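Working notes for the structure below.
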Amino acid sequence: MKRPIFVLLPLYLGFLFLWRHQRSVPLDPTLVARCSSLHTPAGPLPSSPWRSTGPSDRYVPETPPTLIRNARIWTGVRNGTEIVFGDVLLQNGRITALGYIPPRLLRSVGSQMNVLDAHGMWVTPGLVDLHSHLGVQSAPLLSGASDGNSRNAPILPWLRSVDGLNTHDDSYRLTVAGGVTTAQILPGSANNIGGQSFLVKLRPTSEKSSSSMLLEPPSSLHLNNSDTPPHIHWRHMKHACGENPDRRYSQTRMDAAWNFRSAYANAARVRDAQDEFCARIHSHSSWWRRWFHKKVQVDEKFPEDYQWEALVDVLRGRVKLSIHCYEAVDLDAIVRLSNEFKFPVASFHHAGETYLVPDLLKKTWGGAPTIALFASNFNCSYLMRTRRKKREAYRGSEFAPRVLAEHGIPVVMKSDHPVLNSRYLLYEAQQAHYYGLSPALALASITSTPADAAGVGHRVGRIAEDIVLWNAHPLALGATPVQVYIDGIAQLPSNYTPTRPPYAQKAPHVPDWEKESREAVEWEGVPPLRGRKVYKTVRFVGVQSVWMGDEEGDVRVGASRGLDMDGRSGGGVVVVGQNGELLSRLFCDEEVDLQGGSLAPGFTTFGAPLDSSRFASNPPQTTVPSIIGDGVIRAVDGLMFEGRNMLLAYRGGVTRAITAPLGAGFMLGCALIQGEAAVHVAINLQIGVSVSTQIAALRNALVEADARAWVAVRKGDIPLVVHVDNADIMATLIGLKSEVEKLNGRSIQMTFVGATEAHLIAEEIRDAGISVILTSPRPFPGDWDHRRIVPGPPLSRESTVMSLLAKNVTVAVGVVDESAARNTRFELGWVTKSQAIRMGTRDLEQALGLRGDAARKRDLVAYAGGDVFGFDSKVVGVVSVGRGQVELF
């Protein structure tokens, strides 16, 4: 008799259950934990407080508490609008109280507390540099410590900047002296994916290691720390598109786009394999799932690939991406990439055309990225040293921060150290404010906004861990740290910070740039820069001060001839003829109100070829002596006009440029503004032959060369201008000058250009009658010839300029980079006004051989709204003596 099937069914199911259960294997708890955390987001929970009172994980035991009293505190919260007057208490590596601090709390701190009275000075969070290569492109830069770029392949997400972080970089202490306390150390931009970046606190540690400097290091570093972090730390990575990787790998933008898509496709395959594996791990969490899922095999491991694991984390939203991208075409490609693979972009860097495409940025997957910019440095590079930086930077605008902010897109100012010396990151924010970014957003652009973009806004960028005490309002030109605190530890060993007057504690009132900002967008980054030319008499009213040159070229303030102080618009009246002469009559053809502004001589610039090149990435040919024999190259033969850097400098009050021929070798040629003004040579350690050989060549030229220019140098008619920075080489040149003078029986004129180390032999330079042109008045030890610098306050009492002036050396100031020429008046604003005008006009011209009428016929520049050297004024006109016209902007 057959049994009913329903009687056998339980037996069958029981057997099947035992068989399935027998096939299952015990799960490795680490696999379970790893799969469980796979989708946990990085960063603290949104509900976490932005400022904690517990000890910091970077707290150094035995660090005494510090109390700063009577400070103006810019906290960085409420969109940068909160300002508190009161005290700040630093304890346990953090700020534990601010504003009014109850006496009972101070008593509980103990008697070991350091107390500092701020006397109303400003306290801000420590500055955060979102884009730096400090430590991987070390100063002084030598081949053995140049670790910013790998050049092995365009896609290298597995590389890590921390593995090349040099703890002996001279830049650390200099950067901290500028108030920067945290920096993101990025790989360079030679690759489409250059590798992983890391955040560092810039104070020295007792361990003296790279790892000990890291802020919230990711678990992928496998640091042997006993403490478990309260949240998953963000990872960081660098991408780059455009000219740099394309040039390095001889590829096109189409190649670069495929490089990115192929890399992310590989990462997506790894991610999907992990998700499938973890789904099977998850199937073991209940008995019924075991019936319907494939089992994990005994020898099966978690799917991973060391090459792609960092990109997998990008796809999981755990990586803050920093993407070097200039042009709209590249930005568009990245936006599409982010939507194809569904990952957010934390920040676009350099990003010269972002202000032209704000709606495109908002299409990025996850929302518009933060935009990290230069303030006005679109066309220079410390490493390139000359010429326009590159074509893709051409449409960059000083008004980009303002325009982006108006579209609600976060803006960051960054250094790209050593392209810009990160010590002066604050100067970038000051310029952004000058060109229209609000004071709150300008300060946020170097504090809270970069901190948020890096995912560490709960620790830095606000009054939380690191602070800076400033001697002036941070947006005032020349504001300098009095003290810098990182993790509660004071970083400046001595206080050489000058005292500033009370008015310096106020944010500067900046000009109205509405018209210029609108035109920058309308003309897609290349608005017309020429003004309206007037060939008639112009009356300037509302004039507070007038600086004029006399017959000898000296410049003095308060010229009275033709000045009728009638009080209109808060100042006087100056009538200027079309040839630049001051007229006593008040009748005129046109009137311009300077609103309390100034008239001053146009500045002269030297050191960067404003008028002889276009793009640094398409450099001109350097000098080739074998082609020209014993002849001398003349700069006048290569002049080109109407370049944008030249016109921007003109609109910045620079009306005259002296240019030497470009070259990378010893003999540069003749600089001209009136015939052959001077002969230029360069002597340094980078030329490729020994210094002794270079000096021998110069000796032969001075004694024997028959070229007209060298004969004029021997006679003392024109100066020999030597581009040199090393003090030992300068000492040799002083001896050579004396030797040649004794041989010829005549004095020769000599000028040192660059002259970074001139302070070491200042008395010898003075006694030899040699002039000095500092092309880096705020020096940086970028290479071996520049390493012995005078850092200036707060690290030294004097700057290089002041130390040379104190020894009665004739000093002038030039520039290295073209884009810096437009800011000549700000560069000169670090000394007294009379000194500044002489250094930027007469002294510079005389050092370069400019004499006679060319020196006396000086253009006059009209500044509206304030002083020549202040952030409250802008150039509104130029009275051109040589052309017999007034150009109004």
Side-chain angles (χ1 to χ4, degrees), residues 131 133 136-137 146-159 161 186-197 237-267 307 311 314 321-338 340-341 343 345 347-354 356-357 360-361 364 369 371-374 377-396 414 416 419 524-526 613-621:
H131 189 129
H133 304 290
V136 294
Q137 291 180 346
S146 180
D147 293 304
N149 284 299
S150 171
R151 302 182 184 276
N152 290 324
I155 300 294
L156 299 167
W158 46 87
L159 300 185
S161 67
L186 294 155
S189 54
N191 315 99
N192 291 128
I193 301 182
Q196 300 163 50
S197 55
M237 187 180 290
K238 171 74 174 292
H239 290 6
C241 45
E243 291 184 26
N244 285 17
D246 290 357
R247 183 170 58 249
R248 173 65 185 89
Y249 295 103
S250 301
Q251 64 185 27
T252 67
R253 283 179 163 83
M254 294 182 290
D255 296 311
W258 172 247
N259 291 342
F260 282 122
R261 295 184 67 219
S262 177
Y264 273 100
N266 286 331
Q307 284 193 313
L311 275 188
V314 173
L321 279 184
S322 298
I323 303 185
H324 164 124
C325 228
Y326 280 88
E327 292 189 272
V329 59
D330 300 314
L331 296 165
D332 184 63
I334 295 296
V335 169
R336 285 186 279 107
L337 183 75
S338 76
E340 180 180 1
F341 291 96
F343 62 85
V345 175
S347 51
F348 280 125
H349 292 235
H350 303 312
E353 294 187 13
T354 49
L356 299 175
V357 291
L360 171 65
L361 302 178
T364 308
I371 308 302
L373 299 162
F374 292 125
N377 172 43
F378 321 115
N379 309 306
C380 81
S381 168
Y382 176 81
L383 299 177
M384 295 176 182
R385 302 291 282 182
T386 57
R387 304 176 298 282
R388 288 186 77 83
K389 187 178 181 182
K390 56 182 78 173
R391 185 200 62 81
E392 64 186 0
Y394 191 71
R395 295 180 186 272
K414 44 84 176 150
D416 196 10
V419 172
E524 297 188 0
V526 285
S613 64
R614 298 291 175 175
F615 300 113
S617 55
N618 301 310
Q621 296 298 314

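All values reported here derive from a predicted model rather than from experimental measurement.
The side chain to side chain donor-acceptor pair (under 3.5 Å) with Asn192 is formed by just one residue from the set His239, Gln251, Lys238; it is Gln251.
Here the CG atom belonging to Asp246 is positioned 10.5 Å from the CE atom belonging to Met254, to the nearest 0.5 angstrom. With rounding to the nearest 0.5 Å, the separation of CG in Leu156 from OG in Ser150 is 5.0 Å. Here Asp147 contributes atom CG and Leu159 contributes atom CG; the two are 11.0 Å apart, rounded to the nearest 0.5 Å. Within the model, atoms CZ of Phe343 and CG of Leu311 stand 8.5 Å from one another, a figure rounded to the nearest 0.5 Å. Going from atom CG of Leu321 over to atom OG of Ser338 covers 9.5 Å, rounded to the nearest 0.5 Å. Going from atom CD1 of Ile371 over to atom CG of Leu361 covers 5.0 Å, rounded to the nearest 0.5 Å.
Using modelled atom types, one side-chain atom of Asp255 and one backbone atom of Thr252 make a donor-acceptor pair closer than 3.5 Å. When atom types are taken as modelled, the side chain of Glu353 and the backbone of Gly396 share no donor-acceptor pair closer than 3.5 angstrom. Counting only distance, with no hydrogens or angles, the side chain of Asn149 and the backbone of Ser189 share a donor-acceptor pair below 3.5 Å. Panel note: side chain Arg151, backbone Ala190; no donor-acceptor pair is recorded below 3.5 Å. The backbone N or O of Gly242 lies less than 3.5 Å from no partner atom in the side chain of Glu392, so there is not a single donor-acceptor pair. A donor-acceptor pair is defined here as one N or O able to donate and one able to accept, closer than 3.5 Å; such a pair exists between the side chain of Asn191 and the backbone of Ala153. For His133 (side chain) and Leu186 (main-chain N/O), a donor-acceptor pair under 3.5 Å exists by modelled atom type.
With contacts defined as side-chain heavy-atom distances shorter than 4.5 Å, the pair His349/Asp416 does not qualify. Taking the side chain as every heavy atom from C-beta outward, His131 and Ser322 never approach each other to under 4.5 Å. At least one side-chain heavy atom of Ile334 sits less than 4.5 Å from a side-chain heavy atom of Cys241. For the pair Tyr249/Asn259, no side-chain contact is recorded, criterion being any heavy-atom separation below 4.5 Å from C-beta on.
The shortest heavy-atom contact between Ser197 and Pro187 is CB-CD, 4.0 Å. Counting all heavy atoms, side chain and backbone alike, Cys325 lies closest to Asp330 at SG-CB, 3.4 Å.
Around atom CZ of Arg253, more than 12 heavy atoms belonging to other residues, nucleotides or ligands sit under 6.0 Å away.
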**Request:** Could you check Phe374 against Val419 for side-chain contact (heavy atoms from CB on, under 4.5 Å), going step by step and ending with a plain yes or no?
**Result:** CA-CA 10 Å; Phe374 292 125; Val419 172; 4.0 Å; yes
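Shown here are the salt bridge (charged side-chain N to carboxylate O under 4.0 Å, His left out) partners of Glu524, two or more places apart in sequence or in another chain: there are none.
Centroid-to-centroid, the aromatic rings of His350 and Phe348 stay 6.0 Å apart or farther.
With 3.5 Å as the limit, one finds no donor-acceptor pair spanning the side chains of Gln307 and Asn266.
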